[in-house]
Amino acid sequence: MSSTTDATPTPGVSLTHRQIMTVLSGLLLGMFLAALDQMIVASAMKTIADQLHGQTLQAWATTAYLITATITTPLYGKLSDIYGRKPMYLAAISLFLLGSLLSGLATTMYELAAFRAVQGLGAGGLMSLAFAIMADIISPRERSKYSAYFMAVFGSASVLGPVIGGVFAGLDSFVGITGWRWVFLVNVPIALLALFVVARVLNIPHQRVNHRVDWLGALTLTVGLVPLLIVAEQGREWGWASGTAIAMYVIGVLGLVAFVWAEFRAGDEALLPMRMFRNHTFALGNAINFVLGIGMFGGMVSIPLYLQIVKGVTPTTAGLMLLPMTFGIMSATAIAGRVTSKTGRYKVFPIIGAGLMAAALFLLSSIGTDTPSWLVMVYMFVMGAGLGQCMQTLLLAIQNDAEPRDMGVATASATFFRQIGGTVGTAVFLSILFSTVGGKIESGIRAALQTDAFNAALRQNPEFAKTLQGGTGVDINNTEFLNGLDPVLAKPFLDGFSSAIDTVFLTGGIVMIAAFVLVWFLREKPLSTRSGLERVADAETVAV
């Protein structure tokens with residue numbers, strides 16, 4: 001019997017471990033695509049922007065990807081509930097493949113932003129659909145055991161991404177193609193392999209639901225989110241109270257109001273059915289996901305900046321120094337999964353996890369320029385251990401309390417609200433960082449000018465002394481000048497950045513306290529021992 005047949009489950013019958021692992025191989029390849037791409041592009045974007053002569057436009061390449069990935073996440077959930085997981089997952093991989101190929105051929109930053117938007121159209125389904133498929137074939141009680149595989153994918157991507165991105169960005173050319181283009185082209189063979197594997201092994205029964213696609217909901221959601229996501233990324237440049245920003249706020253709020261109206265009007269056919277918010281676990285779980293997304297990005301955004309600016313390490317080295325956080329995520333997920341599988345209890349883990357994340361962020365708010373790197377990495381491990389206990393467990397709680405017909409929507413909603421929280425968090429924390437760092441550096445320089453050592457170093461560097469006239473006189477949007485600067489002269493700048501980043505960590509810790517309080521109100525419902533497919537079969541049996 002072929003492997004394809006072996007991997008095909010019988011409706012109403014639980015899968016063997018071998019069948020689950022066969023299906024999982026295709027899902028993990030798809031998730032690896034999305035996770036690796038984010039890490040590679042992040043480490044190489046500065047070089048890419050230089051090559052395309054668009055350093056000031058690079059944010060648009062990130063924003064375009066984020067917009068399409070966020071908006072399509074709930075759409076994939078709904079469409080997969082209607083048409084099946086496999087065709088939608090193949091469509092997501094195909095769009096991601098097309099976007100990667102086009103991005104590798106871009107000649108301007110505007111083209112790159114457009115092609116990254118195509119990539120985002122695929123990325124929106126890669127992760128949410130993988131978790132929905134797992135919910136179809138594995139019971140909540142057993143599902144937690146397999147979470148470690150997903151975390152291993154994220155861990156591998158977080159290690160390999162910065163290294164691969166740094167290598168390609170540093171090459172003039174590779175097999176006759178400009179080095180930075182391989183940042184995107186490397187996705188092509190992985191995507192082709194994922195298409196082949198998924199097409200071959202992802203054969204799970206689907207009960208078609210005859211519903212209309214909620215295109216009005218998709219349109220109003222786009223009108224609501226696009227302006228808000230754009231202002232979240234660009235507000236710091238425009239000014240949060242500028243006319244353009246205010247216009248974006250107004251359009252975004254009106255769009256979201258129209259989206260809620262459209263969803264009430266669509267009823268069960270809605271992209272995000274409003275009736276689901278009457279479910280305590282769904283509503284509170286996604287509220288926690290939103291807050292968690294804000295808080296986690298307090299660390300995710302700030303730690304690499306601290307390592308690269310204050311500690312002066314390369315993006316590749318910074319990626320490797322994040323290994324303790326990755327190990328914390330993977331180990332905590334594995335332990336929580338095993339315990340949940342054995343006991344059926346899960347609420348304790350997001351409580352401990354949110355507490356650990358808050359503690360880690362408060363500890364990180366105490367680090368300075370001279371803090372040993374090993375101590376920072378210990379704090380990073382604590383952060384990862386907290387995150388590993390929150391992400392998968394909250395998703396499990398939402399899936400466990402969702403009806404089988406809503407599994408795609410329920411799963412996508414968890415990713416959707418966490419992504420929105422992450423976008424808000426990134427915008428808020430970067431705004432805090434860059435609105436405070438200038439004043440902290442100026443204060444540091446004024447204090448340093450009172451010391452003999454600083455003045456002696458200035459006399460040795462008259463060109464730099466001229467730049468300090470009338471304030472800092474230095475453009476902090478480009479910190480490369482710190483690399484070769486006398487350590488005495490660099491100290492006020494490093495201390496200023498460190499202090500500003502500490503403020504970000506402190507704010508993130510306060511946000512995580514809110515998540516810690518909210519999670520106590522989550523009701524722990526006994527985990528089902530039946531997979532989504534088995535529950536559908538049970539319902540059909542009862543109906544007969």
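The first residue in the sequence is number 1, and the count goes up from there.
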If every non-hydrogen atom of [X] is compared with every non-hydrogen atom of [Y], which pair is closest and at what distance?
X: Ala414; Y: Ile398; value: CB-CD1, 4.1 Å
X: Leu356; Y: Gly386; value: CB-CA, 3.8 Å
X: Phe96; Y: Leu33; value: CZ-O, 3.8 Å
X: Gly255; Y: Val223; value: CA-CG1, 4.0 Å
X: Leu284; Y: Leu522; value: CD2-N, 3.5 Å
X: Ala515; Y: Ala354; value: C-CB, 4.3 Å

Verify, without hydrogens or angle tests, whether [X] (side chain) and [Y] (backbone) share a donor-acceptor contact under 3.5 angstrom.
X: Thr68; Y: Ala117; answer: yes
X: Thr333; Y: Gly388; answer: yes
X: Tyr76; Y: Arg85; answer: no
X: Asp37; Y: Asn187; answer: no
X: Thr72; Y: Leu75; answer: no
X: Ser341; Y: Gly337; answer: no
X: Lys78; Y: Leu272; answer: no
X: His280; Y: Phe521; answer: yes
X: Thr393; Y: Cys390; answer: no
X: Tyr306; Y: Ile367; answer: no

Hey, what do you get for [atom1] ([X]) to [atom2] ([Y]), rounding to the nearest 0.5 Å?
X: Thr222; Y: Phe259; atom1: OG1; atom2: CZ; value: 9.5 Å
X: Met391; Y: Leu395; atom1: CE; atom2: CG; value: 9.0 Å
X: Tyr65; Y: Thr70; atom1: OH; atom2: OG1; value: 9.5 Å
X: Leu361; Y: Met512; atom1: CG; atom2: CE; value: 7.5 Å
X: Asp401; Y: Arg523; atom1: CG; atom2: CZ; value: 9.5 Å
X: Ser128; Y: Ile133; atom1: OG; atom2: CD1; value: 9.5 Å

Measuring only between side-chain heavy atoms, which start at C-beta, is [X] closer than 4.5 Å to [Y]?
X: Ile420; Y: Leu225; value: yes
X: Gln119; Y: Leu98; value: no
X: Tyr346; Y: Gln389; value: no
X: Arg418; Y: Leu394; value: no
X: Val198; Y: Leu29; value: no
X: Phe362; Y: Ile510; value: yes
X: Ile288; Y: Pro350; value: no
X: Met357; Y: Phe516; value: no

Could you list the residues that satisfy side chain to side chain contact (heavy atoms under 4.5 Å, CB included) with Val260, not counting sequence neighbours?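 In terms of side chain to side chain contact (heavy atoms under 4.5 Å, CB included), with neighbours along the sequence ignored, Val260 is linked to Phe264, Met274.
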Please determine whether side-chain contact (heavy atoms from CB on, under 4.5 Å) holds for the pair Leu323 and Met380, giving the CA-CA distance in whole Å, both sets of side-chain angles, and the decisive distance to 0.1 Å. CA-CA 9 Å; Leu323 272 174; Met380 287 160 56; over 6 Å; no
How would you list all residue pairs meeting salt bridge (Lys or Arg N to Asp or Glu O under 4.0 Å) that involve residues 345-367, not counting sequence neighbours?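 Counting only pairs at least two positions apart or across chains, the salt bridge (Lys or Arg N to Asp or Glu O under 4.0 Å) contacts touching residues 345-367 are Arg345-Glu524.
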Under the criterion side-chain contact (heavy atoms from CB on, under 4.5 Å), I'd like the reasoning laid out for Ser331 against Phe381: C-alpha separation, chi angles, the key distance, then a yes or no. CA-CA 10 Å; Ser331 58; Phe381 172 81; 4.2 Å; yes
If you count every heavy atom of other residues, nucleotides or ligands that lies below 6.0 Å from Arg275 atom CZ, does the total exceed 12?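 Atom CZ in Arg275 is packed in, count exceeds 12.
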Stepwise side-chain contact (heavy atoms from CB on, under 4.5 Å) test for Met248 and Leu228: CA-CA 6 Å; Met248 291 291 179; Leu228 296 179; 5.9 Å; no
Please confirm whether the ring centroid of Phe277 lies under 6.0 Å from the ring centroid of Phe282.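 Yes, they do, as the ring centres are separated by less than 6.0 Å.
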I'd like to know if the side chain of Ser413 pairs up with that of Asn286 as donor and acceptor (distance under 3.5 Å, no hydrogens or angles considered).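 Indeed, the side chains of Ser413 and Asn286 share at least one donor-acceptor pair under 3.5 Å.
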